[in-house]
> 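Just passing along the structure, written as structure tokens.
Proteins come first, then strands; the chains are lettered A, B, ... in the order of their sequence lines, and each starts at number 1.
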Protein chains: 2
Amino acid sequence: MRRALNKKRQVERSAETQQLLIEAAIEMLCEKGFAGATTANIAACAGVTTGALHHHFSTKDDLLFGVLDYVSERIVLEFRAFGRKGRGQPIDLQLLVKQLWSIYGGPQYWSIWEIIMGSREDERMRERLLQHRERTMEALNQCWLTMNPNLTFIDQRTARVLDLLLSSIRGLCMDRFMRSDEQYFHDQLTLLVASIEPIFAERRSLAE
Amino acid sequence: MRRALNKKRQVERSAETQQLLIEAAIEMLCEKGFAGATTANIAACAGVTTGALHHHFSTKDDLLFGVLDYVSERIVLEFRAFGRKGRGQPIDLQLLVKQLWSIYGGPQYWSIWEIIMGSREDERMRERLLQHRERTMEALNQCWLTMNPNLTFIDQRTARVLDLLLSSIRGLCMDRFMRSDEQYFHDQLTLLVASIEPIFAERRSLAE
DNA sequence: ATTAATCCATATTGCACAGTACGTATTACG
DNA sequence: CGTAATACGTACTGTGCAATATGGATTAAT
């Protein structure tokens with residue numbers, strides 16, 4: 001469905017196919033959920049067969065590990081870029097929320113949640129998921145510290161406010177299952193900014 | 001696992017078994033997720049066999065409809081009781097959040113989300129889910145109007161603030177997959193109250 | 001140029017699942 | 001009391017799934 005087989009080096013083709021499979025897996029996880037994202041579905045979406053899938057990923061869990069690593073990497077890079085862009089400038093809450101929404105509110109990250117919820121009894125997967133969480137949270141923290149060069153660590157209060165922000169975005173994301181008008185999401189994000197702003201200001205004044 | 005078979009009327013026993021199955025379904029949905037909540041699992045959890053399950057609910061979807069109706073009913077009743085209790089009194093935001101958390105943040109409501117996410121491609125189920133949403137939201141609105149007798153309808157702004165509240169609670173609920181310390185949830189709810197309070201006050205002053 | 005390795009497809013296997021068929025014991029009813 | 005209906009349980013069936021086995025075609029290595 002997607003594969004365009006052109007003549008290349010084996011290593012390149014191999015990497016390309018793996019990437020195709022990872023992206024197809026993400027797409028199927030978002031579209032059909034954990035239970036609906038079968039190997040056949042994923043393979044078909046990537047334009048290959050289950051044979052190819054099992055050649056590159058010996059097990060379905062392996063493929064999901066691939067998804068996890070891929071998304072983790074992207075998130076880390078995005079946070080790093082965002083941190084550099086806002087270095088030293090006063091925090092623009094609206095921009096921050098927009099960034100967090102683009103990372104965690106998009107359909108792509110939802111695939112991770114599907115994995116989290118679908119593999120809740122798989123011990124090996126849970127370990128990996130905790131690592132993923134560790135990595136991405138660390139990236140967010142580093143991003144924050146880069147943007148506030150005068151800080152050396154993140155106080156508890158700030159961490160919790162960020163947690164609340166993430167929770168709200170997560171919950172808003174789930175509204176996609178029932179609503180589809182983008183205007184709603186935009187409005188709610190604006191409202192979220194307005195509601196968080198005061199306790200952010202409070203934090204700032206406490207720091208002084 | 002759960003059934004205590006005492007001699008009763010057939011209708012009573014029948015109703016009791018159905019209730020047992022519904023509660024077992026909720027438990028399995030929460031514990032193992034949509035994919036993990038198999039008919040065998042649910043039946044075992046209820047202390048019966050799949051034969052009994054299929055006797056009372058001809059299809060698995062029927063059982064899920066039962067779950068949906070049961071939870072909807074409970075929510076409607078809870079909102080009604082809460083509305084009566086707070087009739088005419090000024091809104092206690094903290095109490096409201098606590099109530100919403102007890103309804104939507106508990107493990108029970110999570111089963112509904114499992115159904116929503118797991119049946120996203122099932123048109124019949126989606127219809128039912130929309131009805132459920134309609135009913136419970138209407139109950140929340142009625143609750144709100146009961147608590148504010150001077151109001152005749154809910155303005156857009158208030159509706160959106162309530163939506164934000166629900167989103168945040170929903171997102172916080174998902175933290176259960178990664179965290180387990182109740183203190184965290186308590187803290188975040190407090191923070192949520194603090195963040196919503198100002199925009200609530202603003203709404204109030206606008207009304208005057 | 002052979003040989004080996006890689007990439008991928010087709011066909012198959014084994015298993016878990018929802019749903020069915022049917023049997024049995026208990027309860028309701030005339 | 002006898003008969004029908006109900007409430008289950010047991011055993012089975014068909015299906016969809018992840019995973020395996022195998023073979024062919026292309027690419028790399030010697």
> How do A:Ala37 and B:Gln18 order along DNA chain D: which one's closest nucleotide is nearer the 5' end?
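Comparing both residues, the 5'-ward one is B:Gln18.
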> Closest-nucleotide mapping onto DNA chain C: is B:Ala40 or B:Val11 further toward the 5' terminus? I mean the 5' end.
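Nearest nucleotide further toward 5': that of B:Ala40.
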> In this structure, is the centre-to-centre distance between the rings of A:Trp101 and A:Tyr109 below 6.0 Å?
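Here the rings of A:Trp101 and A:Tyr109 have centres that are no less than 6.0 Å from each other.
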> Go through the side-chain N and O atoms of A:Glu78 and A:Gln99 and say whether any donor and acceptor fall under 3.5 Å apart.
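Yes, because at least one side-chain N or O of A:Glu78 sits under 3.5 Å from a partner of the opposite role on A:Gln99.
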> Measure from CG on B:Leu63 to P on C:dC17 and round the result to the nearest Å.
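Taking CG of B:Leu63 and P of C:dC17, I get 16 Å after rounding.
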> If I take atom CG in residue A:Leu21 and atom C1' in nucleotide D:dA18, what distance separates them, rounded to the nearest angstrom?
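That distance rounds to 15 Å.
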> Checking side-chain contact (heavy atoms from CB on, under 4.5 Å) against B:Ser119, which of B:Met125, B:Arg124, B:Arg128 comes through?
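For B:Ser119, the side-chain contact (heavy atoms from CB on, under 4.5 Å) check succeeds only for B:Met125.
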> Does a donor on one side chain and an acceptor on the other come within less than 3.5 Å for B:Gln131 and B:Glu127?
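Their side chains do not contain a donor-acceptor pair, so the 3.5 Å distance test is not met.
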> Examine C:dA18: is either OP1 or OP2 under 4.0 Å from a nitrogen or oxygen in the side chain of B:Thr39? Give yes or no.
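Yes, such a contact exists.
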> Going by heavy atoms closer than 4.0 Å, what residues in residues 54-61 of chain A are next to DNA chain D?
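Those residues are A:His54, A:Thr59, A:Lys60.
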> Within this structure, what is the CG-to-C1' distance between B:Leu20 and D:dA7, rounded to whole angstrom?
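Atom CG in B:Leu20 sits about 14 Å away from atom C1' in D:dA7.
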> Roughly how many Å is it from CD in B:Glu12 to P in D:dT6, rounded to a whole number?
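So the two atoms are 17 Å apart, to the nearest Å.
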> Would you indicate which nucleotide in C:dT27, C:dA18, C:dA11 comes nearest to any side-chain atom of A:Thr50?
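Among C:dT27, C:dA18, C:dA11, the one nearest the side chain of A:Thr50 is C:dA11.
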> Taking atom C1' of C:dT20 as reference, at what distance in whole Å does atom CG of B:Leu53 sit?
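The distance from CG of B:Leu53 to C1' of C:dT20 comes to 14 Å, rounded to the nearest Å.
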> Select base, sugar-phosphate, or nothing to describe what A:Thr38 touches, counting heavy atoms under 4.0 Å on all strands.
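Result for A:Thr38 = sugar-phosphate.
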> From the list C:dA9, C:dT26, C:dC8, which nucleotide is the closest neighbour of the side chain of A:Thr49?
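So the side chain of A:Thr49 is nearest to C:dA9.
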> How close do B:Leu164 and A:Gln188 get, heavy atom to heavy atom, and via which atoms?
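Residues B:Leu164 and A:Gln188, closest heavy atoms: N-NE2, 3.3 Å.
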> Quick one, A:Leu96 and A:Phe82 - any side-chain contact, counting heavy atoms below 4.5 Å?
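In contact.
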> B:Arg120 and B:Arg126: which non-hydrogen atoms are nearest, and at how many Å?
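Closest heavy-atom pair between B:Arg120 and B:Arg126: O-CD, 3.5 Å.
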> Using only side-chain N and O atoms of A:Arg13, determine if any of them is under 4.0 Å from OP1 or OP2 of C:dC8.
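Affirmative; the distance criterion is met.
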> Taking CD1 from A:Ile42 and C1' from D:dC17, how many angstroms apart are they, rounded to a whole number?
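In whole Å, D:dC17 C1' and A:Ile42 CD1 are 12 Å from each other.
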> In whole angstrom, what separates B:Met125's CE from C:dA18's C1'?
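For the pair B:Met125 CE and C:dA18 C1', the rounded distance is 14 Å.
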> Can you tell me if B:Arg9 touches the phosphate of D:dT6, counting only side-chain N or O atoms and a distance under 4.0 Å to OP1 or OP2?
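No, no such contact exists.
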